[in-house]
Each structure stands twice: as structure tokens, then as C-alpha cells.
Trainee: 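Just dropping this structure here.
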Amino acid sequence: MSSSLYPPSPTQLPNKLTSLSSSYQLKAALAIAAIILFFVLYLLLVVTMGALVYLAITYPMIRVGYLALIIKMTAIGGSVMLLLFTLKFMLKLKPHKNPLNRIKLDKKQEPVLWNFIERICHETDVAYPKTVYLTPDVNAFASYSNVWLSLFLPVEKELTLGLGLISCLNLSELKAVISHEFGHFSQSSMRIGSYIISANAIIFDMIYSRDRWDVLLEQWRNSGTFISLGAWVITPVIWFIRFVLGLFYQMLNVMYLSLMREMEFNADKMAVSTSGSQAIVSALWKLERGDQYWRKTLGHAYAAAQKKIFTENLYTHNDQAIINGKEEQNKVLATLPDDGQGGKQLFLTSENSKVGMYESHPPNDKREENAKNPYISCEIDDRSSWLLFENKEVVQEQLTNLVYQKYIRQNPKEYVRSEEFEAFINAETKDQTLLKEYYDTFKDRFIQIPLMEELEEAAQVITNPSSNDLEQLKEELLDLLKPIEEVDGLLEMASEMREGKTTQKSFSFQGKTYDKNTLSEGFKVLVEEKERLFGEHFKQWDQDFLAYHLALAKQQGKDTDLKKLYIQHQTLSQIYHYASLVKNTILIDVATLQEQEMIVQKEVNDLSEHISNLLVSINEKLDLLDEIEFVPLPNIDSVEELKETIVEGKEFKRGPMLMFEEEAFEQLMEHLDLSLIHCQRIDQKSIGVILAFHKSLLE
């Protein structure tokens, strides 16, 4: 690889910069002790259950008779069931398969990138990864090629890089991120992770999984014969085992989470050793924004796919979005304070990364503090990471095709020109900038549109609407948002308390103090207060805001057109709120059933039927769209297209009777979740159209 594409490294490094801290070593030792304890206890459990089977079979019958034979068979059946309970997870083990959302990096096709990675291996003194994979997303991670084999054999490691990450990082930042992942390569605690993942798989299956074993036990209990006594005897034993394992499951994961954070701090030090302090911190900062851009690009791709509009290269449009946001990004950077340790202070609060794969990592401000202690200066190479690809477009098109097939579940046959797809995106985001004029309040809540009769009466009172009235409404909105900001701040504090990311021991709200023991109650109170504020606090403001513009529209003879928009938006909100209510009802009903110690099949069947009825009932709300005078929205030209956008097939289908087998329930809930996401996207389009109409009245 040309050295011109390899970013500079720090010229001087402190001794033991990347050495494992005493805190790391202690937490690793505790995690190892917990794993050893679990596997010892688990093996003892298996041996005990095996011994019970042996004893039940070999124990001599004192008397030979019908009753003695029944007792003998019951003892054998109960002991065998207990043994199967401890081993049933093995029946579900599947051969290791590579994830379907990635492709293998071809060393011959991309020698520059491969050599870049190998050079970082050499600098960090770690073995080369066996394989490098590329995924579509904003991510990077090191992993074993086979988690189960890594428990017993020295399995080689893999490196996975996301093209979304390549899009948003410069060369120095990419070098820092890869160095961070290679820092994990050198950590023996990666093997601890394999053991914990394996332990979790065993415990999770024994505690939470309800499968054919549970059905068999239920059938045995309900057999109505003397033999069923054995099932009733082992049922409390199973409950006790599950209870104890549940406590162990929580302890094991709390310990591992703590160790994972130490692993991240240490891996960040490895990144600092190759790229300096600023590169890894700025990479973390850009990943937040890069993930937002990529999610929006995926959203546009999904929306376009519903209209059978496909692009050969999604990364062209993702990169364009990043370029469009560059000016705003630079403005934000300019407002950030200088860090006394060095560079800009990019993270001002203890906020975890919003990128899914980084949610279990330490807060970013703590990672910044760790990376800058001490601060290591290094020249930054600001050039794009795409320079490392000799066949950039080929790789981008491969991953775009993968996105369509695996994420959007479409198999495009024809593609539109890049300009046409960009035009679709521009239409999709049209008028969204108007939301900022109202402090993005409509992004966080649904505007409450009253009945048209009430709105008409309120508009008639406004005899001479002026621009001063609108400015006053904006000032009132700022005042209304202040208590929301207070609640949001307390919710963030409560989250940090729950996750152990703050020294704060309690918080007070409405005259009551909440500590660790009452944190759940505090969360509930805060969420309910936020919902109350959105539901009641803004109701009058929404009416005044809409009435003001309706009064303006009346003056210009445009009130009929504006009311069409209001009625349409009102109908869309009804659909969303009802679908959201259906989802919450389903989740509560399922959780209620799961809390029962014993579940009979009839209850499962009844719940399946109830869920199907709830889903189908959403169709009645969708039919309300047929009763309104439809106003086209960006990229949605008809009621039929609007319904198709909300739910594939324009209606919800009934679920199968055996809904809780073969992931049918999960698929139905995913279908419902997608519809709610679509409703939110349509809501933003609709409010954008309304605000654009409002603005036209003022021009």
C-alpha cells in the first residue's frame, strides 16, 4: 500500500499506555470466577439429574404390583424430564453460520484497504484477522469466527467494517477505529465473552424458553390420571431452578457489562497509541451523526421501494446527505468548548452512543476523558476513507443490493438514475426544515387537531390575524417546552442511575425523592408526566395555532383547502394512536400470560385469536381514509398508495392459530412496528405540508 494513504502515528507515547489497568484485571477475574461457578453448578445439576434417572431405573421394587409399577414409571418419567430440562438447549444448537448482512472482503479486489488493515495489525502487534467482512451499516467489531468452538480451541478472529462507517470517517479516524478493534484482539477477555454468551444461551433457554418440553409437561399434568402426580411433583422443582438461574443470569450480565466497559477503555488506549487522542474521540462523535444519516438513507430506500423505485448505489445518496450536513456539523463543532486536556471537548454530558452496537459501551464523555488522559497529539489526515477502495462503486453496489434483499426484502430488476432517486429524497424531506421554526416540537409529539366546529369557532374570534400574533404563539411555545425539558433531564438522570453511570444517588420531582430502590416508580411518574404535558399542556396552544392560520386562510379564501389538510392529519393521527394502543394491549396481554406459573394450551389459543382480532380491527381505522377528501403528500399520490405505505397489502391480516410457534408472533409484531414507523413518517410529511401551507398564507 502506498504510504501516502496511511495516516501519521504519534511520535512519542508514555510507557504502559495500553497496559491493562488493575480495575480491568479485577473485573476480568471476577467474571472468570462467576463463569467457573456457573459451569460447576450446571454440571452438578446435570450429574444430579442423571443420577436421579439412574436411581429411578435401578431402585428395586419392594413389591411387584400395579401401584408399584405406576410409581416406578412415574419416578422414571419425572427424572427423565428433569434431565431433559437441563440438556434441551443442546437440541437447539445450530451449526455456526456467517451473518447474512455482510460480504467477505476480496483481498485481490481491494488490496489497498487490506494492506491498510495489515499495517495497523503490525503497528498494534496483533495477529492478522482470518477474514475481513463488509456490512452496509455504521459499525465495526472484532469477533471469533465461531463462538462455540472458541470455548475449546484457539479460534481465529474476524474483523467487520461497515460502509456507513467508511462514509462518515476520515483516514485518521478509520485508523483509530480499526486500532480500537485490534485492541480487542489482544484482550484475552474476549474469550471470557464467549463463555458468558454460552452460559447465557443455556440459562436463557432454561428460564425463558417455552417449547415442546413445556407442552409435554403440561399435557402430562393434565392427563387426569395417577401418573400426572409426577408432573405436579417436578413443576415446583422447575420453578425453583428457573428462579435461581434468573438471579444468576442477572448477576453474570451485570459483571460482564462492567468488564465490557473496561475492555472499551483499554481498546481506546490502543487507538490512541496509533492515531492520537483526538482521532478516536472525533470518530465517536461522527458515528452518532453518521448513523443518523444512514438510518435516514435506509428509510428513503424503504419508502422508494414501496413505489418500486430503486437505486444501484445507496452510498451515493448517503454521502450526499453527509455533504449537505457538513456546514451544520461545522457550526456545532465551532460552538463546542476547548478541552483543557487538548482539542475540543466533543461530549459535554454522560450520554451513551445512539448507535445500536455501542449501547453497552461506557458514556462517551468518559471515553473522551480516558482517551485524553494523557492527551497524545497526532497529525490528522482529513481525507476520505473511500480512497482506500480501488473499486468503490462495485463494493457499494454489492452492499446496496444486499440491503434491498436482506433489509427491505426486495429484489430490484430495474434501477432509476441517481438524479431521479435524489429527487425522490428531496420530495420526501421537503418542508421538514419548517419544523425547526417551531423548535422541533412536532418531531416529539402529535399536534392535537380539535373538531372542525370547535376550530371554526376559535378562528371566528380572531378578526385581524397579524404576524405579531404568530410571534407571540412562538414565545408561548418556548414556555410550554420548559417543563418538558425538565422532565427529559430527569429521565436522562434516572437512566444513568439505573445503569450506574453517575454518582447521583437520587432525584426529586413534584416534592418526592426517588432513589435506586424506587427508580422504577420514578420512571413511571416521569413518563406519565411527559405524556400528560403533551396531552394537556399543548392542547390549547395547538388550537390557537391552528385557529390563527385558519383565520388567515379565511381572509384569503383558502380555508376549505386548509381544513382538508387538518381533517386528513387528524385521521392519520387516529390511525397511529389506535395502532399504538393495539400494540401496547398485545404486549400487556402476552406479559400477563407469561407471568403465570402454569399455562394451558387453550389460553395460548385464546390469546392468539384475541391478537388476530386486535390486528384486524386496525383495518376499520384505515377505512376512515376512504371517507376524507385526500390531499396528496410528498411521494404519496392517492388513498390506496397511502394505505399501502402504512401497511403492506393495505390491510392487516389475521395471524395463524399457532401464533407462538416458528416466530409467527415476532413477525406479526415486526409488521405492526413497521406500520407505526410508517405512520410517524407520514405524520412528519403531513405536518410539513401543513406548515408549508401556513407559510404560504404569510407571504
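One-based numbering along the sequence shown. Heavy atoms only: backbone and side chains are in, while hydrogens, waters and symmetry mates are out.
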Trainee: Do Asp488 and Lys530 pass the side chain to side chain contact (heavy atoms under 4.5 Å, CB included) test, and can you show the C-alpha distance, the side-chain angles, and the key distance before you say yes or no?
Mentor: CA-CA 8 Å; Asp488 283 340; Lys530 186 172 181 178; 2.7 Å; yes
Trainee: In the structure I gave you, are the side-chain heavy atoms of Phe534 and Ile484 within less than 4.5 Å of one another anywhere?
Mentor: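 Phe534 vs Ile484: side chains touch.
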Trainee: State whether the side chain of Tyr566 and the backbone N or O of Leu546 hold a donor-acceptor pair below 3.5 Å, judged by distance alone.
Mentor: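 Checking the backbone N and O of Leu546 against the side chain of Tyr566, a donor-acceptor pair under 3.5 Å is found.
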Trainee: How close do Ser172 and Asn170 get, counting heavy atoms only, and between which atoms?
Mentor: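 Reported closest heavy-atom pair: N-OD1, 3.1 Å.
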Trainee: Enumerate the salt bridge (Lys or Arg N to Asp or Glu O under 4.0 Å) contacts for residues 685-695, please, sequence neighbours excluded, ordered by first and then second residue.
Mentor: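 Applying salt bridge (Lys or Arg N to Asp or Glu O under 4.0 Å) to every pair that reaches into residues 685-695, excluding sequence neighbours, yields Glu428-Lys685, Glu437-Lys695.
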Trainee: Rounded to the nearest 0.5 Å, how far apart are CD1 of Ile677 and CG of Leu672?
Mentor: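 That separation rounds to 10.0 Å.
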Trainee: Do Glu181 side-chain atoms and Ala142 backbone N/O form a donor-acceptor pair below 3.5 Å?
Mentor: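 Side chain of Glu181 to backbone of Ala142: a pair is present.
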Trainee: Over all heavy atoms of both residues, which pair between Pro483 and His537 is shortest? Give the atoms and the distance, please.
Mentor: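 Heavy atoms of Pro483 and His537 come nearest at CG-NE2, 3.7 Å.
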Trainee: About how many Å separate CG of Asp365 and CG of Asn370, when rounded to the nearest 0.5 Å?
Mentor: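 The distance works out to 11.5 Å.
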Trainee: Is the closest side-chain heavy-atom distance between Phe545 and Leu470 below 4.5 Å?
Mentor: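 Of all side-chain heavy-atom pairs linking Leu470 with Phe545, at least one is under 4.5 Å.
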Trainee: Taking C-beta and beyond as the side chain, do Trp294 and Leu165 meet within less than 4.5 Å on heavy atoms?
Mentor: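 No, their side chains stay 4.5 Å or more apart.
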Trainee: Please give me the minimum heavy-atom distance between Ser508 and Leu490, naming the atom from each residue.
Mentor: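 The answer is O-CD1, 4.0 Å.
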Trainee: Within the structure provided, determine whether Glu453 and Glu456 are in side-chain contact (heavy-atom separation under 4.5 Å).
Mentor: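 No, side chains not in contact.
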Trainee: Which atom names give the shortest non-hydrogen contact between Phe507 and Ala494, and what distance separates them?
Mentor: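 That closest heavy-atom pairing would be CE2-CB, 3.8 Å.
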Trainee: Output all residues satisfying side-chain hydrogen bond (donor to acceptor under 3.5 Å, both in side chains) with Ser506, sequence neighbours left out; order by chain, then residue number.
Mentor: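 With sequence neighbours excluded, Ser506 shows a side-chain hydrogen bond (donor to acceptor under 3.5 Å, both in side chains) to no residue whatsoever.
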Trainee: Enumerate donor-acceptor pairs with a distance under 3.5 Å from any side-chain N or O in residues 276-286 to protein atoms, sequence neighbours excluded.
Mentor:
from	atom 1	to	atom 2	distance (Å)
Ser277	OG	Ala371	O	2.7
Ser277	OG	Ile376	N	2.8
Gln278	OE1	Tyr375	OH	3.4
Ser282	OG	Glu173	OE2	2.9
Ser282	OG	Gln278	O	3.0
Ser282	OG	Ala279	O	3.1
Lys286	NZ	Glu173	OE1	3.1
Lys286	NZ	Glu173	OE2	3.1

Trainee: Please name all residues satisfying side-chain hydrogen bond (donor to acceptor under 3.5 Å, both in side chains) with Lys430, sequence neighbours left out, ordered by chain then number.
Mentor: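 side-chain hydrogen bond (donor to acceptor under 3.5 Å, both in side chains) check on Lys430 returns nothing, list empty.
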Trainee: Any side-chain heavy atom of Ser167 sitting closer than 4.5 Å to one from Tyr293?
Mentor: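 No, every pair of side-chain atoms sits at 4.5 Å or beyond.
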Trainee: Taking NZ, NE, NH1 and NH2 as the nitrogens, is one of them in Arg261 or Glu264 under 4.0 Å from a carboxylate oxygen of the other?
Mentor: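 No salt bridge links Arg261 with Glu264.
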Trainee: Strictly distance-based, threshold 3.5 Å: is any side-chain N or O of Glu368 a donor or acceptor partner for the main-chain N or O of Leu348?
Mentor: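 Pair absent, no side-chain N/O of Glu368 close to backbone of Leu348.
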Trainee: Judged by atom type as modelled, is there a donor-acceptor pair below 3.5 Å linking the side chain of Gln448 to the main-chain atoms of Gly535?
Mentor: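 Yes; judged by distance alone, with no hydrogens or angles, the pair exists.
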Trainee: Before giving the answer on side chain to side chain contact (heavy atoms under 4.5 Å, CB included), spell out for His694 and Leu552 the whole-Å C-alpha distance, their side-chain angles and the decisive distance to 0.1 Å.
Mentor: CA-CA 9 Å; His694 287 174; Leu552 270 179; over 6 Å; no
Trainee: Could you tell me which residues satisfy salt bridge (charged side-chain N to carboxylate O under 4.0 Å, His left out) with Arg289, sequence neighbours excluded, listed by chain and number?
Mentor: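 Partners of Arg289 by the salt bridge (charged side-chain N to carboxylate O under 4.0 Å, His left out) criterion come out as none, since no residue qualifies.
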Trainee: Can you name the nearest heavy-atom pair linking Ser675 to Phe652, along with the distance?
Mentor: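 Nearest pair, atom of Ser675 first, then Phe652: OG-CZ, 3.3 Å.
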Trainee: Sequence neighbours excluded, which residues qualify as side chain to side chain contact (heavy atoms under 4.5 Å, CB included) partners of Gln341?
Mentor: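 Partners of Gln341 under the side chain to side chain contact (heavy atoms under 4.5 Å, CB included) test: Asp339, Lys372, Asn373.
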Trainee: Got a donor-acceptor contact below 3.5 angstrom from the Ser686 side chain to the Asp683 backbone?
Mentor: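 No.
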Trainee: Does His577 offer a backbone N or O that forms a donor-acceptor pair with the side chain of Ser580 under 3.5 Å?
Mentor: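 Not confirmed, Ser580 side chain does not pair with His577 backbone.
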Trainee: Can you list the residues that meet the salt bridge (charged side-chain N to carboxylate O under 4.0 Å, His left out) rule with Lys482, with sequence neighbours excluded?
Mentor: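 With neighbours one apart ignored, the set is Asp479.
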Trainee: List for me each residue that meets side chain to side chain contact (heavy atoms under 4.5 Å, CB included) alongside Leu435, sequence neighbours excluded, and say none if there are none.
Mentor: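 Expected list: Gln432, Asp440, Phe442, Lys443, Gln684, Ile687, Leu691.
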Trainee: Checking Glu454 now: which residues fulfil side chain to side chain contact (heavy atoms under 4.5 Å, CB included) with it, not counting sequence neighbours?
Mentor: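 Partners of Glu454 by the side chain to side chain contact (heavy atoms under 4.5 Å, CB included) criterion, ordered by chain and then number, come out as Pro450, Leu451, Gln543.
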Trainee: Taking atom CD1 of Ile323 and atom CG of Asn318, what is their separation to the nearest 0.5 Å?
Mentor: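 Here the interatomic distance stands at 10.0 Å.
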Trainee: Given 3.5 Å as the limit, does a donor-acceptor pair link the side chain of Gln504 with the main chain of Met493, or not?
Mentor: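 Looks like no, no N/O pair under 3.5 Å.
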Trainee: Not counting sequence neighbours, which residues clear salt bridge (charged side-chain N to carboxylate O under 4.0 Å, His left out) with Asp137? List them please.
Mentor: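 Expected list: none.
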Trainee: Please answer whether the main-chain N or O of Gln320 pairs with a side-chain N or O of Asn324 as donor and acceptor at a distance below 3.5 Å.
Mentor: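 Yes, because the side chain of Asn324 sits within donor-acceptor range (under 3.5 Å) of the backbone of Gln320.
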Trainee: Determine which pairs satisfy salt bridge (Lys or Arg N to Asp or Glu O under 4.0 Å) with at least one residue from residues 539-552, sequence neighbours left out, and list them in order.
Mentor: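 Qualifying pairs: Arg445-Asp542.
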Trainee: Looking at every heavy atom in both Glu644 and Gln306, which two are closest together, and how far apart are they?
Mentor: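 Heavy atoms of Glu644 and Gln306 come nearest at O-NE2, 3.4 Å.
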Trainee: Is there a side-chain contact between Ile425 and Lys296, using heavy atoms and a 4.5 Å cut-off?
Mentor: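 Heavy-atom side-chain distance check fails, nothing below 4.5 Å.
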Trainee: Report yes or no: does Tyr315 contribute a side-chain atom to a donor-acceptor pair with the main-chain N or O of Pro136 at less than 3.5 Å?
Mentor: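 Looks like yes, one N/O pair under 3.5 Å.
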Trainee: Can you tell me how far the CD1 atom of Ile690 sits from the CG atom of Leu565, to the nearest 0.5 Å?
Mentor: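 Output value for this atom pair is 5.5 Å.
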Trainee: Evaluate the side-chain hydrogen bond (donor to acceptor under 3.5 Å, both in side chains) criterion for residues Asn468 and Gln472: first the C-alpha distance (whole Å), next the side-chain angles of each, then the deciding distance (0.1 Å), finally the verdict.
Mentor: CA-CA 6 Å; Asn468 290 334; Gln472 183 177 343; over 6 Å; no
Trainee: Do other residues, nucleotides or ligands put more than 12 heavy atoms under 6.0 Å from the CD atom of Gln510?
Mentor: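 Atom CD in Gln510 is crowded, with more than 12 foreign heavy atoms closer than 6.0 Å.
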Trainee: Using side-chain hydrogen bond (donor to acceptor under 3.5 Å, both in side chains) as the criterion, list what pairs up with Gln574, not counting sequence neighbours.
Mentor: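 By the side-chain hydrogen bond (donor to acceptor under 3.5 Å, both in side chains) rule, Gln574 matches no residue at all.
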Trainee: Near Lys474 NZ, under 6.0 Å, is it more than 12 heavy atoms from other residues, nucleotides or ligands?
Mentor: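 More than 12 heavy atoms, drawn from other residues, nucleotides or ligands, come within 6.0 Å of this atom.
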Trainee: Within the side chain of Tyr548, is there an N or O that forms a donor-acceptor pair under 3.5 Å with the backbone of Ser466?
Mentor: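 Checked: pair present.
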Trainee: Measuring from Ile449:CD1 to Leu455:CG, what's the distance to the nearest 0.5 Å?
Mentor: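 Atom-to-atom, Ile449:CD1 and Leu455:CG are 8.0 Å apart.
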Trainee: Atom CZ in Phe693, atom NZ in Lys564: separation rounded to 0.5 Å?
Mentor: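 With rounding to 0.5 Å, CZ (Phe693) is 10.0 Å from NZ (Lys564).
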Trainee: Taking side chain as C-beta onward, heavy atoms only, is Leu668 less than 4.5 Å from Ile586?
Mentor: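 No, side chains not in contact.
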Trainee: Assess the residue pair Thr518 and Asp515 against the criterion (side-chain hydrogen bond (donor to acceptor under 3.5 Å, both in side chains)); give the C-alpha distance rounded to whole Å, side-chain angles, the decisive distance to 0.1 Å, and a yes or no.
Mentor: CA-CA 5 Å; Thr518 56; Asp515 57 20; 3.2 Å; yes
Trainee: Would a 4.5 Å heavy-atom cut-off, applied to side chains only, mark Lys583 and Leu587 as touching?
Mentor: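 Yes - at least one pair of side-chain heavy atoms lies under 4.5 Å apart.
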